[in-house]
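Numbered from 1 within each chain, the chains take letters A, B, ... in sequence-line order. Since this is a predicted model, take the numbers as computed values, not measurements.
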Number of protein chains: 2
Amino acid sequence: MISKTCGYAIRGIVFLSLEQNKSTKHGILEIAEDLQIPQHFLGKILQDLVRRGIISSIKGPHGGFFVNSKTIDTPLIEVVEAIDGLGIFKKCFLGREECSSINPCPLHDEFDGCRSAIFKTFENLKISDLVKKIDIGDSYLSLNKEFATEI
Amino acid sequence: MISKTCGYAIRGIVFLSLEQNKSTKHGILEIAEDLQIPQHFLGKILQDLVRRGIISSIKGPHGGFFVNSKTIDTPLIEVVEAIDGLGIFKKCFLGREECSSINPCPLHDEFDGCRSAIFKTFENLKISDLVKKIDIGDSYLSLNKEFATEI
DNA sequence: TTTGATAAAGATATTAAGGTCTTTTATTCT
DNA sequence: AGAATAAAAGACCTTAATATCTTTATCAAA
Ligand code: FES
Ligand code: FES
């Protein structure tokens with residue numbers, strides 16, 4: 001659905017917004033190691049987000065990436081739009097040139113509802129909503145190998 | 001969700017299975033033009049499907065691709081499995097190494113239901129179901145430019 | 001004001017998806 | 001048998017996604 005890059009972006013932003021992280025700057029190396037994402041790749045993604053004002057950064061010693069006043073209220077759809085664009089919600093499931101509800105493909109009706117639901121979820125959820133789930137221990141930004149292999 | 005290639009595959013099979021098409025062989029050029037898919041690319045895809053027994057073909061003059069006894073009863077999930085593999089339903093939305101309901105990411109619960117719904121739809125729908133929708137004029141395999149630009 | 005730390009930027013590499021072109025093989029018709 | 005036809009096969013190309021590496025700009029502290 002959304003690209004790997006976009007998932008990395010969301011996880012990066014949420015990481016910076018976690019209760020124990022939000023008051024300090026974090027170097028790209030720390031973030032990348034914690035989230036298990038290639039360092040330089042994540043760096044480029046976060047730079048994009050800085051340019052968009054979704055997060056902030058400063059260079060130099062004790063520099064790093066950090067949240068700003070906008071960060072936690074950013075709706076996820078804004079991140080998706082920044083990285084993947086909204087076109088991902090307008091592609092035909094069967095690879096036709098366009099998706100059209102007037103001239104639909106045989107899977108259009110089956111899946112259009114699902115696609116809208118996903119879109120709406122991205123519109124309604126904010127970074128702060130994901131942060132809450134992490135902070136209360138409902139979910140995790142990176143895979144815990146021990147948990148994952150449990151039955 | 002599914003790849004463009006997979007969409008092409010489904011459209012190719014459905015084309016061969018349409019009421020007015022199912023009794024004859026169809027050359028790759030005809031199919032590709034009708035569906036507006038690159039000819040040689042579609043050729044490779046259909047060859048895959050022949051190897052899997054989902055459709056049939058014969059070489060030589062008056063040869064072409066055609067349906068067999070299995071074709072119209074093929075569940076869509078079988079085509080998806082053949083082309084994309086079932087792994088596409090098991091990826092984490094946020095690009096973690098694995099999706100895990102024991103150790104879920106903050107979007108897991110939001111979207112897992114949707115993903116299962118899509119999977120089940122692919123399990124339940126057969127080629128014949130899509131054929132019906134086309135035959136009664138509910139939907140279309142290729143984009144009708146006139147329709148598409150209408151209001 | 002120099003040094004070291006760190007993000008920014010940009011060049012390059014790799015991989016996978018998507019697409020094109022050419023040659024081979026099987027079949028039919030003359 | 002030979003020519004024509006069409007799929008099969010395989011080599012190759014293009015583009016986009018993903019990832020790595022190197023250099024530059026900026027800042028803070030000594
Ligand atoms: S999804 Fe195929 S036309 Fe909308
Ligand atoms: S979707 Fe991320 S863990 Fe399941």
(request) Return the minimal non-hydrogen interatomic distance between L18(B) and L141(B), and the atom names on each side. (result) CD1-CD1, 4.3 Å

(message) Could you work out how much the helix from dT1(C)-dA30(D) to dT30(C)-dA1(D) bends, comparing the axis of its first five pairs with that of its last five, to 10°?
(response) 10°

(request) Work out which heavy atom in L16(B) is nearest to a heavy atom in V67(B); give both atom names and the distance. (result) O-CG1, 3.3 Å

(request) Measure the distance from CD on Q47(B) to P on dA6(D) and round it to the nearest whole Å. (result) 16 Å

(request) Would you please confirm or rule out a distance under 4.0 Å between OP1 or OP2 of dA9(D) and any side-chain N or O of R51(B)? (result) yes

(message) Run the side-chain contact (heavy atoms from CB on, under 4.5 Å) test against A32(A) and tell me which residues pass, sequence neighbours left out.
(response) Q39(A), L42(A)

(request) Please examine the side chains of L143(A) and S100(B), heavy atoms only from C-beta on, and report whether any two atoms are closer than 4.5 Å. (result) yes

(message) For K70(A), is there an ion pair with E78(A) - N to carboxylate O distance below 4.0 angstrom?
(response) yes

(message) For a quick check, with a 4.0 angstrom heavy-atom cut-off, what is the B/S/- contact string for nucleotides 24-30 of chain D, read 5' to 3'?
(response) -BBBBS-

(request) Quick one: closest heavy-atom pair of N68(A) and I54(A), and the distance? (result) OD1-O, 3.7 Å

(message) For chain B and DNA chain C, what are the first and last nucleotides along the strand, 5' to 3', with at least one atom under 4.0 angstrom from a heavy atom of the protein chain?
(response) dG18(C) to dC29(C)

(message) Using the rule side chain to side chain contact (heavy atoms under 4.5 Å, CB included), only one of I13(A), I10(A), T74(A) pairs with L49(A); which is it?
(response) I13(A)

(request) Nearest whole angstrom, please: distance from the P of dA16(D) to the CD1 of I88(A). (result) 17 Å

(message) Is S57(B) close enough to dA6(D) that one of its side-chain N or O atoms is under 4.0 Å from OP1 or OP2 there?
(response) no

(request) Determine yes or no for a side-chain-to-main-chain donor-acceptor pair under 3.5 angstrom, with R96(A) supplying the side chain and Y140(B) the backbone. (result) yes

(request) Please work out which residues in residues 21-34 of chain A have a non-hydrogen atom less than 4.0 Å from an atom of DNA chain C and list them by number. (result) H26(A), G27(A), I28(A)

(message) Classify G64(A) by what it touches in the nucleic acid, base, sugar-phosphate, or nothing, heavy-atom distance under 4.0 Å.
(response) sugar-phosphate

(request) For K126(B), check side-chain contact (heavy atoms from CB on, under 4.5 Å) against everything at least two apart and list the hits. (result) D73(B), S128(B), D129(B)

(message) Please report the interatomic distance CZ(R115(A)) to CZ(F93(A)), rounded to the nearest 0.5 Å.
(response) 4.0 Å

(message) Hydrogens and angles aside, do N124(B) and T121(B) bring a side-chain donor and acceptor to less than 3.5 Å of each other?
(response) no

(message) Give me each pair satisfying side chain to side chain donor-acceptor pair (under 3.5 Å) with a member in residues 1-15 of chain B, each pair once, sequence neighbours excluded.
(response) S3(B)-D84(B)

(request) Heavy atoms only: give me the nearest P106(B)-S139(A) pair and the separation to one decimal. (result) CA-OG, 3.3 Å

(message) Under the rule for side-chain hydrogen bond (donor to acceptor under 3.5 Å, both in side chains), what residues qualify as partners of K120(A), not counting sequence neighbours?
(response) none

(message) Please list, in numerical order, the residues of residues 76-83 of chain A that have a heavy atom closer than 4.0 Å to any atom of DNA chain C.
(response) none

(request) Look at the side-chain N and O atoms of T5(A) and state whether any lies under 4.0 Å from the OP1 or OP2 oxygen of dA17(D). (result) no

Atom pairs, N/O to N/O, protein against nucleotides 19-21 of chain D, distance under 3.5 Å?
from: dA19(D); atom 1: OP2; to: Y8(A); atom 2: OH; distance (Å): 3.2

(request) Taking side-chain contact (heavy atoms from CB on, under 4.5 Å) as the test, write out the residues that go with E30(A), two or more places apart. (result) F15(A), H26(A)

(message) Among residues at least two apart in sequence or on other chains, which ones pass side-chain contact (heavy atoms from CB on, under 4.5 Å) with F66(B)?
(response) K25(B), S56(B), I58(B)

(request) Compare all side-chain heavy atoms of K133(B) with those of E110(A) and state whether any distance is below 4.5 angstrom. (result) yes

(message) Salt bridge check, D48(A) against R51(A): does any charged N sit closer than 4.0 Å to a carboxylate O?
(response) yes

